Number of protein chains: 2
Amino acid sequence: MENAKRIFDAFLCAKGLRHTDQRDIILDAFLGMEGHFSAEEIYRIVSEKNPEIGYATVYRTIKLLCDAGIARGIYFDDGRMRYEHKYGHGHHDHLVCIRCGKVIEIFDPQIEKAQDRLAKEKGFVPIRHQLNIFGVCKECRKRNK
Amino acid sequence: MENAKRIFDAFLCAKGLRHTDQRDIILDAFLGMEGHFSAEEIYRIVSEKNPEIGYATVYRTIKLLCDAGIARGIYFDDGRMRYEHKYGHGHHDHLVCIRCGKVIEIFDPQIEKAQDRLAKEKGFVPIRHQLNIFGVCKECRKRNK
DNA sequence: CCATAATTGAACTTGATTTTCAATATCATA
DNA sequence: TATGATATTGAAAATCAAGTTCAATTATGG
Ligand SMILES: [Mn+2]
Ligand SMILES: [Mn+2]
Ligand SMILES: [Zn+2]
Ligand SMILES: [Zn+2]
């Protein structure tokens, strides 16, 4: 998305950071993938375009993308951070299939509202939340008889 | 809780595993703590009772406790697994204070029900889920003016 | 073009967790 | 109770994701 690129440029400029080929390539790769990817997966895609780019630069750039509001990190239960598009992609929660790994995005105003109510009851000011529902997707259920 | 001990003994027996002093001590330590603890915190408590017990044994035993249904692992967002009592402690979700680290346990049938409905809509069979709400607790809010 | 400071990749470090391995402990059976 | 097969242990090493160091390179304003 062209808009995300402009936002990243503006972010770099505002922070006194520089525009580099590596950052361009990594942003392009990230914008071109749809889903939830680990740093390693992003690194692999980036490597195809430009094998000289190192792991460290990918990690560093992903962090910038998060700071710029273009990427968002999420933990499923496997001990590594995954990243998804944030720009132009509102808050949502996840259904994660424990068979095939597929991730389905969900959003339900009723759940969101109930969470806020519950937090308020405890005197708690909610800032962000994460709901992961692990289970078996339709396809995997069929596949298994 | 005496019952948890019996369950653990039965679990070990059923799996052909052995009853050892170390496992006893670690289970006792775990049952004696109330809250959400990392392996390292459990190790520290265990060490007070018996400084000879190693890290590896603590990790190994925690895994057994999870398999036996006595402990349950949860990830908050800080990159280390935490453990809580599972036996005699039903499912619940968590409010996590990003200032003081306090964890408040919550349960809301309405949220649980809405989740099941949402999953069903997607043809998804939910098995377990995890909801963490990060924010600022009542005390921390007061403390900050 | 120059000077300055940001950036990079490779190698190294960190921190949590797991594995390896030789020594030791458990426990069913004789 | 003694025996022996096998599970367990602690220390050290390995792993795995992620972050840091540093000398060489590059971007950018003047
Ligand atoms: Mn998503
Ligand atoms: Mn809890
Ligand atoms: Zn599936
Ligand atoms: Zn607090």
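Residue numbers start from 1 in every chain, and the chains themselves are labelled A, B, ... in the order their sequence lines are given, proteins ahead of strands. Remember, it's a predicted structure, so these values are computed and weren't measured experimentally. No hydrogens, no waters, no symmetry mates; every other heavy atom, side chains included, goes into these values.
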Shared hydrophobic cluster for B/I74 and B/I42 (ILVMFWY, side-chain gaps under 4.5 Å): no
Hphob cluster co-occupancy, A/V96 + A/F37, side-chain heavy atoms under 4.5 angstrom: no
Pair A/E2-A/R6, salt bridge (Lys or Arg N to Asp or Glu O under 4.0 Å): steps then yes or no: CA-CA 7 Å; A/E2 280 316 301; A/R6 239 172 292 132; 5.7 Å; no
I need the [atom1]-[atom2] distance between [X] and [N], as an integer number of Å.
X	N	atom1	atom2	value
B/Y55	C/dT19	OH	C1'	17 Å
A/Y43	D/dG19	OH	C1'	16 Å
A/L64	C/dT8	CG	C1'	13 Å
A/E52	D/dT25	CD	C1'	14 Å

Salt-bridge present ([X], [Y]; N to O < 4.0 Å):
X	Y	answer
B/D28	B/K49	no
B/R44	B/E40	yes
B/E139	B/R143	no

Name of the residue among A/R82, A/H94, A/R72 meeting side-chain hydrogen bond (donor to acceptor under 3.5 Å, both in side chains) with A/H36: A/H94
Check: A/H91 and A/D93 side chains under 4.5 Å, non-hydrogen atoms: yes
B/E84 and B/H89 side chains, donor-acceptor separation under 3.5 Å: no
B/D77 and A/Y75 side chains, donor-acceptor separation under 3.5 Å: no
Stretch residues 4-31 of chain B: residues that reach within less than 4.0 Å of DNA chain C through a heavy atom: B/R18, B/H19
Residues touching DNA chain C, which here means a heavy atom under 4.0 Å, drawn from residues 70-84 of chain A: none
Sugar-phosphate, base or nothing in reach of A/E40, heavy atoms under 4.0 Å: nothing
Dump every N/O contact between nucleotides 20-22 of chain D and the protein below 3.5 Å, one line per pair.
residue : atom : partner : partner atom : Å
D/dT21  : O4   : A/R60   : NH1          : 3.3

Name of the residue among B/D9, B/I53, B/L65, B/L64 meeting side chain to side chain contact (heavy atoms under 4.5 Å, CB included) with B/R23: B/L64
